[in-house]
Structure formats: structure tokens, C-alpha cells
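Sequence lines set the chain letters: A, B, ... in the order given, protein chains first and strands last, and positions in each chain run from 1.
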2 protein chains.
Amino acid sequence: MISYEKLLEQFKTLLRNNQLKFTKQRELILKFLYENDAHFTPEDIYMKLKQHHPNIKIGIATVYRTLSLLEESNIVSSISFGSAGKKYELGLKKHHDHLICTACGKIIEFFDETIEERQKQIAKQFNFHMTDHTMKIVGLCEKCQA
Amino acid sequence: MISYEKLLEQFKTLLRNNQLKFTKQRELILKFLYENDAHFTPEDIYMKLKQHHPNIKIGIATVYRTLSLLEESNIVSSISFGSAGKKYELGLKKHHDHLICTACGKIIEFFDETIEERQKQIAKQFNFHMTDHTMKIVGLCEKCQA
DNA sequence: TCTGTTATTGTAAAATGTTCCATTAAAGTA
DNA sequence: TACTTTAATGGAACATTTTACAATAACAGA
């Protein structure tokens, strides 16, 4: 796993290359996602940041904007299902897909080489330039089947 | 492809079995999706129905509710990407996944037996009872790569 | 360090999506 | 058909997400 210092450098370089600015708010959001390995809604992140950093001003709109920026830059990835809205996680770990329990909301991550390979072939077959792909398996987890 | 009459019967049976009621609004939405083989937002459907059936009252909330109902019943399926919101289509055709062009919004449908099979195996491996699954390949279509 | 330029911010307003509730309409029974 | 029960509806309230805009903060150059 990449260190926070390296991630931060990478983010700063990305911003510089696109004439964007490095702000306290953007750093806070990135750091929060780095330190908390789970899936969060924008509201989750906004509340936690206000709580833990009462001295730094931050608006909910900035959280939404920053998450979109980070997602476009492939630093975070999002997942959504049902009416629950989008949830974000740091996307630097190895690419993976998700199993989602519709009863308890539990999210399990998995990776499957066969599926990855087929996806590449399918994109090729349709002359599609693939930039991203996602797979979700929705259902009931072991506990919730009881 | 199933005929509209058969689809309607199927829908009515489903409603009856769940103590739900068959209404003009629900029929209009089902019919619209049957007759228009493409992906629509709730707003799209709401506007088209108001336009083509000025004599029948319908509210946007009913469109959202009916689409959710139809999706839960596996009669329609939805797809979402980027900030574009959810789009719905009749889901009675054979299950398929999607290629989505981020430049022009074009949606291509495909089906791959290998992927389907792997998904089943993965669900089994995690003791997950799979009720649904989706795959999206996002990128640039042939035209938009130029 | 100071200054000018420009992206970013928070706030408020707009847009989009969901829920509540009183009224209406569907469907079973007589 | 009339009556009764209960689900569905539209509209409004509410919640979530996005956008507009004026003030602010980041950054480059001197």
C-alpha cells in the first residue's frame, strides 16, 4: 500500500498538471479516506470532518465537488445501489468488484482474473476504449439469509 | 419477444399476488417502456406521458414509484453512470450488460456466458444468495475515439 | 515578501429525487 | 350495482445533490 506522503505528492502533482489548487479542504478529504478503509457517503465525510476539525471551515458542496474530482482522477471510486446514494472509498488499492447485501448493506470486495480478462476482450470486440469497469453482485449475505 | 398483452397479464398477476392494484398510471408507464426500446430517465417518461396523454393525470412521484416497483419485480432494469442519474429500460429481454460511452452517452448491450458463469461461482464462494448482478464497461465508443 | 491572477470556497438557490398525507380509485363481496 | 376495504395517487414537504456567485485563498512572478 502506498504511503500517505506519496499519495499526497501524487495528488499535488495531479493538481499542478491541471492548473488546480491544493487546499486544506481537499487535503482533509483525501486524508480521511486514506485513514478510513471503508465506504462513505458525502454526508458521512462532511459530518466526520466538521466533528474532528472544528477549526477548519468546510461546506458540503466542497465535499461533493472534491469527491467528484478525486473520482475523475481515479484516486477514489464510488459504488451505488438501491436508493442508498453513492458511497466512496479510496481507489488506490488493487482494482476489485463488489458483492452487496440488500438487507444489511454489507459490502464485500472481490477480484476475479477471468472476469477482468473477458471484459478486456469484450471492449476490444466492440472497438471500445475502456477507461473503467464495474461489477456488482447484489443479493443476501450469509447472515441475512437466515 | 413477449407480446404486450402477455406482458400486461404477467404484470396484473404480479400485482394481484401482492395485493397491489392495477392503475391507469402503472399501465401507461409499462406500455411506454414496451413501445420504446431505449433507456429513459423518470423525467423523460413523465414528460412524454403528460404530452401524449393530456387527459390522464400523472405525477412525477408516481413515475418514480412505479419504476422502482417494476425494477424490484424484475420487469424493468436500470443503469446509471456519471452524474447523469438513473435510466430505465424494459428488462424482459434476455439479461445483458452494458458498454457506456462517456463522451456521447451511447449505450451498447452485450451478453457474455463466461462472465455470467463466473459471477455465479463467486456468489457461491462467499455464501451469497445472488438476486441480481450488473456489469458496466465505461469508456469511449468507436466514433468518439476519433 | 508583496502583488496580481485565477481557482476554490461557502452560502444560498436551484434542481433532482423521496416521503408524507389526505383524497381518490381499484377490487372484492353482497 | 352499491358498499367496504385498502392501496395508489397528486401535491407539498422534505432530503439530497448540483450550480451560481461574490468573497477568499492559493500560487506564480517580481
Are the charged groups of R118(A) and E113(B) less than 4.0 angstrom apart, N to O? no

Between the CG atom in D132(B) and the CD1 atom in I137(A), the distance rounded to the nearest 0.5 Å is 10.0 Å

Could you state the CD1-P distance from I45(B) to dT16(C), rounded to the nearest angstrom? 15 Å

Is the H95(B) ring parallel, tilted or perpendicular to the F111(B) ring (thresholds 30°, 60°)? perpendicular

Using only side-chain N and O atoms of K24(A), determine if any of them is under 4.0 Å from OP1 or OP2 of dA26(D). yes

Using whole Å, what does the distance between atom C1' of nucleotide dA25(C) and atom CZ of F22(B) come to? 13 Å

Does N17(A), at its CG atom, have more than 12 non-hydrogen atoms belonging to other residues, nucleotides or ligands within less than 6.0 Å? yes

What is the distance, rounded to the nearest whole Å, between atom NZ of K86(B) and atom C1' of dT16(D)? 15 Å

Whole-Å distance, N17(B) CG to dG28(C) P, equals 12 Å

L15(A) atom CG is separated from dA7(C) atom P, nearest whole Å, by 13 Å

Atom CG of L67(A) and atom C1' of dT9(C) are separated, to the nearest Å, by 15 Å

Does this structure show an ion pair linking K48(A) with E43(A), if we count only N-O contacts that are shorter than 4.0 Å? no

Might you list the N or O atoms of the protein lying below 3.5 Å from N or O atoms in nucleotides 10-14 of chain D, with each pair's distance?
from: dG10(D); atom 1: OP1; to: K57(B); atom 2: O; distance (Å): 2.6
from: dG10(D); atom 1: OP1; to: I58(B); atom 2: N; distance (Å): 2.9
from: dG10(D); atom 1: OP1; to: G59(B); atom 2: N; distance (Å): 2.9
from: dG10(D); atom 1: OP2; to: G59(B); atom 2: N; distance (Å): 2.9
from: dG10(D); atom 1: OP2; to: T62(B); atom 2: OG1; distance (Å): 2.1
from: dG10(D); atom 1: N7; to: R65(B); atom 2: NH2; distance (Å): 2.9
from: dG10(D); atom 1: O6; to: R65(B); atom 2: NH1; distance (Å): 3.3

Starting the side chain at C-beta, find the nucleotide from dT6(C), dA8(D), dT18(D) nearest to Y64(A). dT18(D)

To the nearest Å, give me how far apart CG (L49(A)) and C1' (dG10(C)) are. 15 Å

Base, sugar-phosphate, or nothing: which does E43(A) touch, judged by heavy atoms less than 4.0 Å apart? nothing

Where is the tightest heavy-atom contact between I29(B) and T62(B), given as atom of each residue plus distance? CD1-O, 4.2 Å

side-chain N/O R26(A) vs dT8(C) OP1/OP2, d < 4.0 Å: yes

Terminal helix-axis angle for the helix from dT1(C)-dA30(D) to dA30(C)-dT1(D), with five pairs defining each axis and rounding to 10 degrees: 40°

Map T66(A) and P42(B) onto DNA chain C by nearest heavy atom, then report which one ends up closer to the 5' terminus. T66(A)

As an exercise, state the distance from SG of C101(A) to CZ of F128(B), rounded to the nearest 0.5 Å. 5.0 Å

Whole-Å distance separating the CG atom of L20(A) from the C1' atom of dC27(D): 12 Å

I'd like to check the ring pair (Phe, Tyr, Trp, His ring centres under 6.0 Å) partners of H39(B); sequence neighbours left out, ordered by chain and number. H98(B)

Report the distance from atom CG of L28(B) to atom NZ of K50(B), rounding to the nearest 0.5 Å. 13.0 Å

Any side-chain N or O of T23(A) under 4.0 Å from OP1/OP2 of dA7(C)? no

